[in-house]
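Below: the structure, in structure tokens.
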Amino acid sequence: MIGRVIVDVPAAQTDRLFDYLIPTEWQAFAKPGVRVIVPFGPRRIQGFLIELVELSEFEKVKPIAEVLDPLPILSPELLELGEWLATSTVCYRVSAYQAMLPAALKSKVSKQLVLQVDPAMLPLPLQTLFSGRTVVAWDEAKKALKKAITVVKEPLDQEWLSISYETKEHTRVKKVKYVEIIPTNEDPVFSKRAEKQERVFTYIKGQEASVPVNSVLKQTGASRATLKSLLDKGLIQEFEKEVYRDPLQAEDIQRSEPLVLTDAQARVMEPVAKAIAEEQHQMMLLHGLTGSGKTELYLQAISAVLAKNQEAIMLVPEISLTPQMVTRFKARFGELVAIMHSGLSNGEKYDEWRKIHRKEVKVVVGARSAVFAPFTNIGIIIIDEEHETSYKQEETPRYHTRDVAQYRGERHRAPVILGSATPSIESYARAKKGVYQLLSLTERVNGRPLPDVEVVDMRQELRNGNRSMFSLALTEAIRDRLEKKQQTVLFLNRRGYSTFVMCRDCGYVASCNHCDISYTYHRKGNSLKCHYCGDEQPMPETCSECGSDHIRFFGSGTQKVEEELAKQFPEARVIRMDVDTTRKKGAHKQLLDAFGQGKADILLGTQMIAKGLDFPKITLVGVLAADSMLHIPDFRSAERTFQLLEQVAGRAGRDVLHGEVLVQSYTPEHYSIQLVKEHDYEQFVAKEMQSRKIGGYPPYYFMALLTISDTELASVMQTSQKITRFLKESLSDKAIVLGPSVSPIARIKDRYRYQCVIKYRQEPKLHETLDAIMNHYLRDATNKKLAISMDLHPYFFM
DNA sequence: AGCACGCCGACT
DNA sequence: GTCGGCGTGCTC
């Protein structure tokens with residue numbers, strides 16, 4: 001029997017199947033979808049077994065060394081999905097499979113030096129290296145000997161030393177130590193001195209079953225030594241139990257019951273329920289106002305799926321995977337829910353993944369990568385806040401969650417629901433064309449009107465002599481809420497802003513020596529940091545260009561706003577939420593809980609407070625700089641601005657108290673800001689579609705972005721020119737090839753970057769052309785440092 | 001990606 | 001003369 005394997009070597013030349021013999025002892029386990037260890041040249045590496053065949057066309061076929069999984073970790077469906085992902089996003093197949101699995105399943109093969117003879121026979125440096133051991137990791141040897149590593153050559157030739165490849169899995173199953181009483185006929189007698197032992201013994205005996213060692217120690221206040229004595233006396237026994245790491249810390253969650261749907265909700269539910277019942281794949285776009293009860297619909301749709309004994313994937317943007325959100329699903333479905341998001345440790349992710357794989361759960365609530373959940377009988381896939389850009393993965397494989405969901409939805413004959421208050425222009429266009437089924441929720445559940453929105457012209461404020469970051473209107477509104485004991489949310493859009501350091505005398509801006517990007521000032525440590533390569537420098541005292549000491553940091557951060565608030569409203573209690581204050585695990589929830597309990601008057605924050613915030617006392621939302629995002633050179637900037645403003649506005653007046661939103665802007669006339677006043681999504685889409693049509697952007701055109709980078713500037717320029725020419729020759733006349741041009745970030749980690757953009761409508765030869773470029777320039781690249789990245793349907797043009 | 005093989009410069 | 005620099009090509 002021959003196994004065909006994709007090896008874990010992400011390179012153009014190895015992106016194909018390799019044939020291996022399956023020895024009889026592994027035949028029972030060698031199923032497509034298991035991980036294997038195979039000999040590859042002189043080393044041993046990991047691979048994925050893709051298929052089994054009778055014969056190989058290849059002459060010398062080596063046998064597989066090991067099968068790592070007792071059961072396939074990739075189902076036939078996921079194997080096929082990986083193949084599709086690789087072709088549709090132009091990436092290596094291993095990278096696709098790797099992206100579908102938790103990181104913990106990526107086992108590393110480590111190289112080792114093994115001593116075969118009396119160490120005295122070895123050269124001195126090696127004797128010191130081994131110093132009594134028989135095995136030394138290759139990495140360690142290299143580190144210790146550096147260039148002198150060549151001393152191993154002779155002993156290797158003499159076979160005094162050998163090289164072995166050890167597979168170390170970091171698929172660690174967590175185990176907890178438990179103790180229990182060894183049953184005896186009579187109770188043991190403890191001496192007076194062994195008082196503690198007696199107490200511990202009685203405690204353990206008092207428990208119904210075995211108890212975790214940790215809790216014994218905690219409850220009795222005893223030390224390990226006491227427990228050890230009991231163990232040694234043979235009164236108790238210790239054993240290990242496999243446990244799941246519990247990211248939610250087993251909080252007590254009140255079960256929730258389905259709510260009665262409003263008429264509007266019921267109308268939307270009907271086609272969804274039909275698709276579930278009839279097992280029909282259908283892309284559905286649920287356009288529902290904030291507060292129109294989308295989540296309850298999701299919950300009930302999932303219930304319907306579970307009732308059919310099928311499984312559900314619920315996708316939410318990373319940023320809104322808040323404890324509140326998770327709690328809502330756990331409250332309805334209890335233990336049937338697994339959670340997947342980047343905040344979990346590798347071990348926790350692995351445990352959640354195993355729950356799905358072992359069919360112990362039926363629902364997964366998670367961010368982007370949860371779309372690959374190893375379910376085998378999916379009944380529905382829901383993508384909430386479908387317009388969120390975090391659904392697009394920005395590393396290879398550069399997939400969009402929506403596309404993967406559609407692929408899986410088709411295979412499983414399951415409906416895919418895309419939900420949003422402000423759908424992406426692309427999705428809405430598809431819905432209008434009838435490609436997606438459009439479902440609308442135009443009323444809020446409680447019948448409350450959307451908040452009033454007022455746009456404040458900050459240029460006028462400046463003319464009136466107000467140089468503070470709060471307009472007069474906002475200042476008055478905040479004061480008013482403080483008096484009324486109502487709550488205010490202040491939103492600062494940090495995107496497009498950074499706290500850069502500039503010399504006031506000569507205008508020099510401190511920037512990274514390896515990347516063409518300015519340093520970001522970090523108050524903590526008073527240092528400058530490059531966000532691209534991580535380089536850190538102390539904050540300079542004087543300007544390196546002109547020597548002036550008038551060098552300061554600029555930009556408007558939350559910290560600065562906080563200081564300003566303290567100055568203007570000294571009595572106000574402020575909670576600040578940004579990356580700095582929420583870094584610690586659980587801090588996010590803690591801060592929100594405090595605000596919810598009325599422990600603060602003002603919540604000041606960035607993107608992370610734009611979502612899921614639902615507190616009845618918030619009656620004022622202030623947006624400090626509405627247009628900071630509008631000026632980013634990206635065709636989606638207007639769309640993002642509108643979506644974000646609508647999102648933030650939705651935080652105000654969610655209960656009986658009416659909400660007010662104040663939007664401060666330097667370009668108040670722009671339609672993406674004006675139309676928020678009327679909450680007029682339709683009108684916004686009409687305007688935006690017009691501008692997309694004129695500019696030749698999606699959804700009128702598809703786009704592809706090629707980024708070419710190299711350490712040599714001349715080589716990048718030359719290659720990108722050649723590639724552009726080749727694209728123009730190979731693609732149809734209707735395709736528009738732009739570039740080559742310097743990337744918005746011209747250099748990252750000492751690599752110069754050029755880019756080329758393709759706009760097209762129908763280009764059957766596109767993939768063929770891109771593959772040709774990949775093969776030609778990377779396979780025969782004379783300069784191995786050259787890198788080409790391809791992004792089909794890009795979201796960021798950096 | 002690694003790792004081996006192989007062909008040219010500065011050293012004992 | 002050789003050691004070792006890294007360019008080239010292969011891995012079932």
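Here is the naming used below: chain letters follow the sequence lines, and residue numbers restart at 1 for every chain. Computed from a predicted model, the values in this text were never measured in an experiment.
- Rounded to whole angstrom, the span from the CD1 atom of A:Ile22 across to the P atom of C:dC12 amounts to 15 Å.
- Nearest nucleotide to the side chain of A:Lys111, out of B:dC3, C:dC12, B:dA1: B:dC3.
- Note: CD1 (A:Ile163) to C1' (B:dA4) measures 12 Å, nearest angstrom.
- Residue A:Val9 is classed as a base contact, given a heavy-atom separation below 4.0 Å to a base.
- A cation-pi contact, defined as under 6.0 Å to the ring centre and within 45° of the axis, links A:Lys759 to A:Tyr697.
- Atom CD of A:Gln762 sits in a sparse spot, with 12 or fewer heavy atoms from other residues, nucleotides or ligands closer than 6.0 Å.
- Checked against the 6.0 Å centroid threshold, A:Phe372 and A:Tyr399 count as a close aromatic pair.
- Spacing between atom CZ of A:Arg16 and atom C1' of B:dA1 amounts to 14 Å, rounded to whole angstrom units.
- Rounded to whole Å, the distance from CD on A:Gln13 to C1' on C:dG9 is 8 Å.
- Residue A:Ile2 contributes atom CD1, which lies 9 Å from atom C1' of C:dC12 at whole-angstrom precision.
- To the nearest angstrom, P of C:dT11 lies 16 Å from OH of A:Tyr165.
- Within the structure, every side-chain polar atom (N or O) of A:Arg43 is placed at least 4.0 Å from both OP1 and OP2 of B:dC3.
- Residues from residues 135-142 of chain A with heavy atoms under 4.0 angstrom of DNA chain B: there are none.
- Taking the side chain of A:Lys62 as heavy atoms from C-beta on, and the options B:dC3, C:dC12, C:dT11, the nearest nucleotide is C:dC12.
- Taking atom CG of residue A:Asp15 and atom P of nucleotide B:dA1, one finds them 12 Å apart after rounding to whole Å.
- Residues A:Lys142 and A:Asp139 are not paired through a salt bridge, judged by the lack of any N-O separation under 4.0 Å between the basic side chain and the carboxylate.
- Residue A:Tyr20 is in sugar-phosphate contact alone, with no base atom involved, counting any heavy-atom pair closer than 4.0 Å across all strands shown.
- Nearest nucleotide to the A:Phe18 side chain, out of C:dC12, B:dC3, C:dC10: C:dC12.
- With sequence neighbours left out, the side-chain contact (heavy atoms from CB on, under 4.5 Å) criterion links A:Ser741 to A:Gln755.
- Checked against side-chain contact (heavy atoms from CB on, under 4.5 Å), A:Lys392 has the following partners two or more places apart in sequence or in another chain: A:Glu394, A:Arg398, A:His400, A:Asp791, A:Tyr795.
- Spacing between atom CD of A:Glu59 and atom P of C:dC12 amounts to 14 Å, rounded to whole angstrom units.
- Other residues, nucleotides and ligands contribute more than 12 heavy atoms inside 6.0 Å of the NZ atom of A:Lys359.
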